Each structure stands twice: as C-alpha cells, then as structure tokens.
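Quick caveat, the model's predicted, so the values are computed rather than measured. Order of the sequence lines fixes the chain letters, A, B, ..., with proteins taken first and strands second; residue numbering starts at 1 for each chain.
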Amino acid sequence: MTEEQNPAAIRAEAIESLLIEKGLITAAAIDEVVERYNERIGPLNGARVVARAWRDATFKRALLSDATAAVAPFEFEGGQTEKLVVVENTPKVHNVVVCTLCSCYPWAMLGLPPRWYKDPAYRSRIVREPRRVLAEFGMQLEPDVEVRVWDSSAEVRYLVLPQAPDDATRVSEEELVARVTRDAMIGVERVA
Amino acid sequence: MTQTYELGGAATPPMVNGELVFEAPWQGRAFGIARGLAERGVYAWDDFRAALIEQIGAFDRGIDAGRLDSAVPTPQFHYYDHFLRALESILIARGVIAQGDLVDRVHAFEGRPEGHDHAHRHEHDHHHHDH
C-alpha cells in the first residue's frame, strides 16, 4: 500500500496537523529534528570517541572512569543528557548492550538504534542466551570469555569500547574512525 | 515496508555508519513530533518513554516466552506502531489534543480520494496487540 493509504501514516499526519493548528510545533521544526537525527547525529560520534581511546591511554582511562565528562569536550550535537558509561572489551570480557524495556540507546554517540535493537527477540534473548545471539551476529566467543550484558535505562546509556585492532597504533585516527561500526559499539560485532 | 524480523539479516550490515533508521516517512514524522514536543517542553522525554514502555510492554506480555525460541516465528513487532500509540496516548492523557478531534481528523484524511479504499480498517490494524 502507498504511504498515504497506510493507517499509521494517516494517524501520524492527523496528529501532526492538529499540533500545528494549535501552534505547538511546525512542520519545519519536525523536519529539523528528523534531519538532525538522520544525518548529523550518528555512529560517527561514537567512532571518534573509540578511536581516540585506542590511541590515547589518558583519554581512555578518563573515558572508562567518567564517560559523560570525557566526551563533553567533543560537544556532540544533541548532548548527552543521560549518564554515559563506556564498558571495555578485552580478550577475557565481552560486553553487549540492550534495552530490555524499550529502546534506550546512547543517541548522542550512535544516533537512533537499528531495527533489531528494538525487537522483542533481541531484547529478551540477548539476556537469556547472549552467546547464542552473538553467534547469530557472527561472533563466536571462546568458552573462557565472560559475557556481560548491560541493560540501558532512562538514567544510564552504555557504549562498548571494542578491542582495538592490532594496527591501532600504526594507522591514523581517521582510518580507525572509519573502521569502528555501530554494531561494534553495541557489542554485536568486532572491529576488523 | 520491511516487516519480517531477521536477526541473521541484521548480522551482516554493510560497513557504514549511517543506515537509515526509518522504514517509512511517517515514522520519521512521528519521531520528529515526539522528540520536538519534548524539546519544546510539552512533556518530559522520560514521560514519553514511560508511555512507550507501556505500549511495548503490552506487546511483550502478549508473547509466550517459549515462542521466542527455536524455529517458531516471532510475532511481528512494529516499533513505530507502538511509538505512535505512545505519542497518541500521552497527547490525549495530557489534554494536548482531544481524542474526538483526532478521530475526526483521521476520518477526514481517510476520506481523501487516495485513501477511499480503507475507510474502516484502522480500528483493526493493531490486531497484534490482542493477547
């Protein structure tokens, strides 16, 4: 069916038109929010933080002890209104992030969450059987690797600091930024 | 609209940081409205989030946990349907818009020529809430 015929599309349009009539919002303001989150706030922000941490031990320590303060100098658009906690992957510990109740996510770092992050299957299964879900994402973890699942909330948003690639200190920070994926910062993928 | 849940499909995304997060334009509009109203102080974002948790929770409770396992297909979950319901519920609960006005406006929009073929369908569109 076309966009115009979709009942949800009609309901959204009806709500929008009523709110505009009441002067509570404008179509341009809605456009601006969508553009901001679709185009300017995204995983590139998180990738810059990760790449910096791989190359700068002092920054990494600061990031792991108080991420909210450590990322403030980046002045990411949209800010980070919730407390940000960065958890570090190591050869013995693998971290993965979920929001079991809805879709809490570090927006300022990663933009808006992917579809699967919001799905009931991911939200429940990553808690009950994280190794199996991670395997479905293509991540086979050794038996001696501890898996930690972090449940995001209204107050705290988690970001995974992936393991640095072997050449992290030999290539440019820009090249590293380009290699850090959104999924790696959620904890369902490795950085190649 | 892509409506099937594919964890496997999501497991191999292209190596780019910037996949489109809205599957249809109305989803982006709904997000823009919800976020924009919070930024303008019409409600606190946490209050919207509470409404969203309520909507999603109702869906989650409808799923028999066992059905999430193995090869049994997961009931279809459409995040932005719940998002839109949450937006409606908080706006009506707060008296920002009247339910009657919304119903009238939906009917008016449905009556437009391009929408004539589904005038009575919207009440049944959320059957996956049934449980």
Give the minimum heavy-atom separation between B/Leu102 and A/Leu18, together with the two atoms involved. CA-CD1, 3.7 Å
Compare every heavy atom of A/Leu24 with every heavy atom of B/Leu37, then report the nearest pair and how far apart it is. CD2-O, 4.0 Å
Quick check: closest heavy atoms across A/Ala8 and B/Leu84, and the distance to 0.1 Å? O-CD2, 3.4 Å
Supply the atom-to-atom distance B/Phe77 CZ to A/Tyr122 OH, rounded to the nearest 0.5 angstrom. 14.0 Å
Evaluate the criterion side chain to side chain contact (heavy atoms under 4.5 Å, CB included) for residue pair A/Ile10 and B/Glu110; output intermediate values, then yes/no. CA-CA 7 Å; A/Ile10 288 178; B/Glu110 285 175 333; 3.8 Å; yes
Testing the basics here: between B/Phe59 and A/Pro120, what is the closest heavy-atom pair and its distance to 0.1 Å? CE2-CG, 3.4 Å
Using the test ring-ring contact (aromatic ring centres under 6.0 Å, His included), find all partners of B/Tyr43 that sit at least two apart in sequence or belong to another chain. none
Say you draw a straight line from CZ of A/Arg123 to CD1 of B/Ile56; how long is it, rounded to the nearest 0.5 Å? 5.5 Å
Return the CH2 to CG distance between B/Trp26 and A/Asn6, rounded to the nearest 0.5 Å. 6.5 Å
At what distance, to the nearest 0.5 angstrom, does CZ of B/Phe83 lie from NZ of A/Lys118? 9.0 Å
Quick one: are A/Glu13 and B/Arg105 in side-chain contact, heavy atoms under 4.5 Å? no
Residues of residues 25-35 of chain A near chain B, each having a heavy atom less than 4.5 Å away: A/Ile25, A/Ala27, A/Ala29, A/Ile30, A/Asp31, A/Val33, A/Val34
So do A/Leu19 and B/Leu91 actually touch side chain to side chain, heavy atoms under 4.5 Å? yes
Where does A/Lys22 contact chain B at under 4.5 Å (heavy atoms): side chain, backbone, both or neither? side chain
